[in-house]
Amino acid sequence: MIKVVKFGGSSLASAEQFAKVGKIIQADKERRYVVPSAPGKRNPKDTKVTDMLYACYALVEAEEDFRVPLMKIKDRYDTIINGLNLKLSLEDEFRKISENFKNKAGVDYAASRGEYLNGIIMANYLGYEFVDAADVIFFDKDGNFDADKTNKVLEKKLAKTERAVIPGFYGSTPDGMIKTFSRGGSDITGSIVSRAVHATCYENWTDVSGFLVADPRIIDNPQTIKTITYRELRELSYMGASVLHEDAVFPVRKAGIPINIRNTNAPEDEGTWIVESTCHQSKYTITGIAGKKGFVSVNIDKDMMNAEVGFGRKVLTAFEENDISFEHMPSGIDTMTIFVHQPEFEGKEQAVISAIHRLAKPDSIELEGDLALIAVVGRGMKSTRGTAGRIFSALAHANINVKMIDQGSSELNIIIGVSNADFENAIRAIYDIFVETQL
Ligand code: ASP
């Protein structure tokens, strides 16, 4: 059995955190491949090393002196090395980095050094082999991740390597340049490595004990989700719940490898399992609640709309012409409503309205802004009667006016539109009825 373990920045922010990570890895012989992030924040006011690197490289690009900020970054690593009593010097590495900065090696190169150096320390600390991600993770000439080439090379390399540290977040392009994934991309590296070694499980260690049923900024101490499917995760992530980089699910999902989100600061907690499919029903019927504020509804009326072939296409063309994507589109017999992101729509609203008039000739168009959308997600809803009833009676009891309801035909989620002002209360009411009351 092989486990791949990825540790996030806060898990590796200091020597103390490294020591916790070391214990976790040593506690299980199956934890053979380690993917570290760059050191994160040690406290809320601290700066992540990745951000320090971006700031430092901005000086390089502005032709300003970058030596002091680069030495501050070196200090962060030296503090970790000294705290762990390692016989390791990064002098040569920093000399090389400084040289490459002078030669304008690129912003991705700069950002990637956070993971690269942390990987060297981690490998030294654990006595594992260091495998530079530039040699095993590849992007094509257009900058897209090259899954096939990566999988081939990485599989071959790690088959010969019993235990290794592979830094997260970056790889290389065919011309040998360093390229990073988007922010938080070490999660993706962990997933790619898991696929290449045919891991039994991809453990993603962070600073929370898994996915929470609802946002802790709205609900005090929300329950943790024990098991969530990839599809549920996608619905919740889309609505703003984030622990894992969105693209991290693809490589492992293809290979049927589960992800286990764990807490470095509470390793005894089981965390959340993210799986393709499960027969475990969630304890609360629903799996999670997430939502976002800042939507506009565009309400379009036209008599006999339902009989007019192509009406929907004409309306959507008006949005497409203005490069606006829509979120939801509930409709009635003679009405149709399009939900769009307020910030994206605001500057273009009159252009969209006139385009709808020109293309679809409606009787009237009305806009309503400052709306929030809430997704109640749960694979358990399919087999449980009355879920929608419970949601709406809870909202009615909390005096919340529901402006829109949309249930996907998969019965995996129910989307509810309320005004921004009711957003938090609505989430509390739904959480209470499913989790606290547990009827
Ligand atoms: N260090 C990178 C970031 O801060 C990547 C990661 O941590 O996953 O975004």
Side-chain angles (χ1 to χ4, degrees), residues 4-14 17-18 20-21 24 33-58 69-70 72-74 76-77 80 90 93 97 105-123 130-134 136-137 139 143 145 150 165-172 178-195 202-208 210-211 233 237 241-252 259-265 274:
V4 172
V5 284
K6 179 260 169 180
F7 290 90
S10 59
S11 300
L12 299 167
S14 64
Q17 289 299 92
F18 258 78
K20 287 185 197 171
V21 166
I24 289 167
Y33 300 102
V34 182
V35 176
S37 281
K41 294 182 182 192
R42 292 160 293 186
N43 55 63
K45 290 204 180 109
D46 204 8
T47 310
K48 291 169 100 177
V49 164
T50 309
D51 291 320
M52 294 169 87
L53 285 160
Y54 279 122
C56 186
Y57 198 74
L70 189 61
K72 278 206 176 126
I73 297 169
K74 182 167 181 294
R76 286 284 304 262
Y77 287 106
I80 295 173
L90 295 179
E93 292 293 347
I97 291 170
V107 63
D108 281 18
Y109 167 80
S112 74
R113 296 306 87 184
E115 275 60 19
Y116 171 79
L117 296 166
N118 232 17
I120 291 177
I121 299 178
M122 177 64 90
F130 174 75
V131 175
D132 188 351
V136 286
I137 306 269
F139 293 86
F145 171 58
T150 298
V165 174
I166 308 103
F169 192 37
Y170 71 94
S172 59
I178 296 287
K179 174 154 177 58
T180 64
F181 292 108
S182 56
R183 295 299 303 266
S186 299
D187 284 342
I188 308 174
T189 310
S191 182
I192 293 166
V193 172
S194 301
R195 178 181 173 211
Y202 168 24
E203 290 181 349
N204 187 294
W205 291 80
T206 171
D207 52 8
V208 289
F211 270 98
L233 176 73
S237 306
S242 72
V243 172
L244 193 71
H245 192 295
E246 239 196 321
D247 295 342
V249 303
F250 299 113
V252 280
I259 306 176
N260 187 197
I261 306 284
R262 298 288 289 267
N263 189 348
T264 301
N265 304 315
I274 307 169

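Heads up: numbering here begins at 1 and tracks the sequence. Atoms within a ligand are numbered from 1 in the order they appear, just like the ligands themselves. On a predicted model such as this, the values are computed, not experimentally measured, just so you know.
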Which word best sums up how the rings of Phe7 and Trp205 line up, parallel for under 30°, tilted for 30 to 60°, or perpendicular for over 60°? parallel
Trace of the side chain to side chain donor-acceptor pair (under 3.5 Å) decision for Tyr57 with Asp108: CA-CA 10 Å; Tyr57 198 74; Asp108 281 18; over 6 Å; no
I need the contact residues for ligand 1: any residue with a non-hydrogen atom closer than 4.0 Å to the ligand, ordered by chain then number. Ser37, Lys48, Thr50, Glu115, Phe169, Arg183, Gly184, Gly185, Ser186
Side chain to side chain, Val49 and Leu117, heavy atoms closer than 4.5 Å: no
Pairing of Lys41 and Asp207 as salt bridge, 4.0 angstrom limit: no
Stepwise ring pair (Phe, Tyr, Trp, His ring centres under 6.0 Å) test for Tyr202 and Tyr33: CA-CA 10 Å; Tyr202 168 24; Tyr33 300 102; over 10 Å; no
So, do Phe181 and Phe139 have ring centers that fall under 6.0 Å from each other? yes
